[in-house]
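Worksheet for the structure shown next.
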Amino acid sequence: MELDDRELMKQASDGNGVAFGKLVTKYKDRLYNFIYRMMPEANEAQDILQETFLRAYKERQRYQPDFAFSTWLYTIAANLVRSEYRKRKRWKFVSIGIGSQDDEIAIPDVGYKDLNLLPFIEKAMEKLGAEYRTAFVLRDIQQLPYEQIAQIMKVPIGTVKSRLNRARRLLREQLLPLRESHYGLSKGIPQSLSVLG
Amino acid sequence: MDCQKAYRNLSAFLDKSLPPTIQVQVGEHLESCPECRKRLNVFERILNVSPELNNLQAPDNLEEIVLSAVDRYEAKRRKREAFKFREGARPRWMLGFSLAISSAIILIGLVFSSNLLTPHTQLANNSANSVNGNMTAFDKSDLVLDSPGDIIKVVQDLHGDRYIMVRSEAPFYKSSEMARNTINSSSRSSSTSAENPYLVKTGAEIVF
């Protein structure tokens, strides 16, 4: 019989390593997606992912079963990401990839309707502030309910919606030149192909 | 309803989370306003494709790594508990003596390791142009440092793109092209040739 998260966590609290391993298996992919979308660097995201689970184990006695276990995990992960952002305030990123582009993504020769927006959305997300990005990742990418997002971000639901609204508008503004350039090209009007800024 | 108000409510309109009367008003506005429909179209495309970004997989061996870390944590905890249990049998002066010895060892270790942090000894292999696993070759002319003492870290994202994390105090370059031009014009005194690439493990820290 499949045990629910609370029961598994109770067993893990009693020292059952296998029970904790099952929780790791169940949540590792979605947590990794969340952490990576907040901090798009593979090594760092994996470190934070490991630390999230380790911290969940170390502090298992503090887990309150009134909340979903996933909410607790996301909260730990979000706190670790926030700490890493604060540490990194003094750092900037400069691409050194051979042939890699810092600012522009090549726009394929397809109509706007067929254009794969994913790489552009990924790029545009890098410009979102942390709070807006969190709301967007949890709601529009991970599809979590508003109530859970509010618990993870420790803000009212209204604030979550407001930040999400802002995030979507900022992303739209980033992508609008893309749409305009495609529309203009299809009409024979030369347009700038710069997507960002 | 005017366009400004409709635009403010577009996100909530898509979520169907507006009060019913407002939801209807926005819908009616969209029927008659092509510009607002264009805006809605972009929102819809973003929302339709974004869940596809939930496509990454954590490393296969994550459970093993986490459970090993848990085992190590438990072993240390048991050791600490055992020490506390025995502590009552030890005279207090022994505890102070142990702390003094530990502090001295740490201090000696710090002094020793700082002597090893010279620019050239920090660098990994100077082999030319080879890439192996998570070792990444890059040309020194890609670096954006222009003063000794800066610390950089080489990182790599899932797409294989490499980045250098540089201190904020260093000039900010928008492209590696600009960085190359600046470095070529400013760093001439280094004893290491700009043509020799460095083989550096992703995640390594390099001090210049």
Side-chain angles (χ1 to χ4, degrees), chain A residues 15 17 20-21 24-25 28-34 36-37 40-46 49-51 53-54 57-58 88-98 100-103 116-118 121-122 125 136-137 139-143 146 161 164-169 171-172 175-176 179, chain B residues 7-8 10-12 14-15 17 38-39 41-43 45-47 49-59 62-63 65-67 69-71 73-74 134 136 138-139 142-144 153-158 160-170 172-177 179 202-203:
Chain A
F20 191 71
V24 173
T25 305
K28 63 177 185 173
D29 286 342
R30 69 186 89 170
L31 265 189
Y32 184 55
N33 274 280
F34 168 64
Y36 184 81
R37 294 303 168 196
E41 183 203 324
N43 288 339
E44 204 62 58
Q46 286 171 25
L49 180 64
Q50 289 166 25
E51 183 59 28
F53 283 113
L54 186 58
Y57 179 83
K58 286 181 185 176
R88 286 182 173 210
K89 263 187 185 172
R90 59 192 183 92
W91 299 96
K92 288 192 177 81
F93 285 87
V94 178
S95 170
I96 59 169
I98 295 167
S100 71
Q101 300 298 317
D102 289 318
D103 292 329
N116 179 13
L117 284 185
L118 281 181
I121 293 175
E122 277 186 284
M125 276 172 62
F136 180 76
V137 171
R139 177 65 186 171
D140 289 342
I141 295 179
Q142 304 240 293
Q143 310 270 284
Y146 280 114
K161 290 183 177 180
L164 180 66
N165 184 21
R166 183 83 180 123
R168 288 171 176 174
R169 282 162 64 177
L171 287 173
R172 179 194 159 270
L175 296 177
L176 196 57
R179 186 183 193 284
Chain B
Y7 181 56
R8 274 204 309 272
L10 275 184
S11 177
L14 280 170
D15 284 346
S17 61
K38 274 189 206 174
R39 295 181 184 124
N41 177 255
V42 179
F43 276 129
R45 292 223 29 206
I46 291 171
L47 295 193
V49 304
S50 292
E52 293 178 40
L53 287 172
N54 202 32
N55 57 355
L56 301 172
Q57 289 194 320
L62 180 76
E63 292 92 324
I65 293 171
V66 169
L67 291 179
V70 164
D71 286 343
Y73 165 75
E74 284 294 338
N134 63 351
T136 303
F138 67 94
D139 195 292
D142 281 335
L143 301 180
V144 296
K153 190 172 175 180
V154 180
V155 298
Q156 182 172 323
D157 70 12
L158 276 183
D161 292 329
R162 290 167 295 140
Y163 299 85
I164 302 174
M165 295 167 67
V166 300
R167 285 190 184 280
S168 291
E169 296 84 59
F172 176 61
Y173 300 97
K174 284 199 172 179
S175 71
S176 55
E177 187 62 39
T202 303

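Across E51(A), M125(A), Q50(A), K58(A), the residue that shares the most heavy-atom pairs under 4.5 angstrom with chain B is K58(A). Taking R30(A), R169(A), R139(A) one by one and counting their heavy-atom pairs under 4.5 Å with chain B, the maximum is reached by R169(A). Comparing L47(B), L10(B), V49(B) by how many heavy-atom pairs each has under 4.5 Å with chain A, the most go to L47(B).
If you run side-chain contact (heavy atoms from CB on, under 4.5 Å) between N54(B) and each of I141(A), V137(A), D140(A), only I141(A) comes through.
Within the 3.5 Å criterion, the main-chain N or O of L117(A) finds no donor-acceptor partner in the side chain of R45(B). Although no hydrogens or angles enter the test, the distance criterion places a donor-acceptor pair under 3.5 Å between the side chain of N33(A) and the main chain of L56(B). Of the possible polar contacts, none joining the D29(A) side chain to the Q57(B) backbone as a donor-acceptor pair under 3.5 Å is found.
At a 4.5 Å heavy-atom cutoff, the contact between I65(B) and chain A is made by side-chain atoms alone. When heavy atoms are compared at a cutoff of 4.5 Å, L67(B) approaches chain A solely by way of its side chain, counted from C-beta outward. Both the backbone and the side chain of N55(B) come within less than 4.5 Å of a heavy atom of chain A. Heavy atoms closer than 4.5 Å to chain B are found in the side chain of Y146(A), but not in its backbone.
Atom CZ of R172(A) is separated from atom CD1 of I46(B) by 8.5 Å, given to the nearest 0.5 angstrom. S11(B) OG to R166(A) CZ: the interatomic distance, rounded to the nearest 0.5 Å, is 12.0 Å. Taking OG from S50(B) and CZ from R37(A), the interatomic distance works out to 10.0 Å, rounded to the nearest 0.5 Å.
Taking 4.5 Å as the limit, some side-chain heavy atom of F20(A) sits within range of a side-chain heavy atom of V66(B). Side-chain contact check for P51(B) versus Q143(A): some heavy-atom pair is nearer than 4.5 Å. Residues L62(B) and V24(A) meet the side-chain proximity criterion, which asks for heavy atoms closer than 4.5 Å.
When all heavy atoms of Q46(A) and P59(B) are compared, the pair lying nearest together is CD-CG, 3.7 Å. Annotation for S17(B) and K161(A): closest pair CB-NZ, 3.9 Å, computed over non-hydrogen atoms.
By the salt bridge (Lys or Arg N to Asp or Glu O under 4.0 Å) test, D15(B) is found to be paired with R168(A), residues two or more places apart in sequence or in another chain being considered. The side-chain hydrogen bond (donor to acceptor under 3.5 Å, both in side chains) test applied to E52(B) returns no partner, not counting sequence neighbours.
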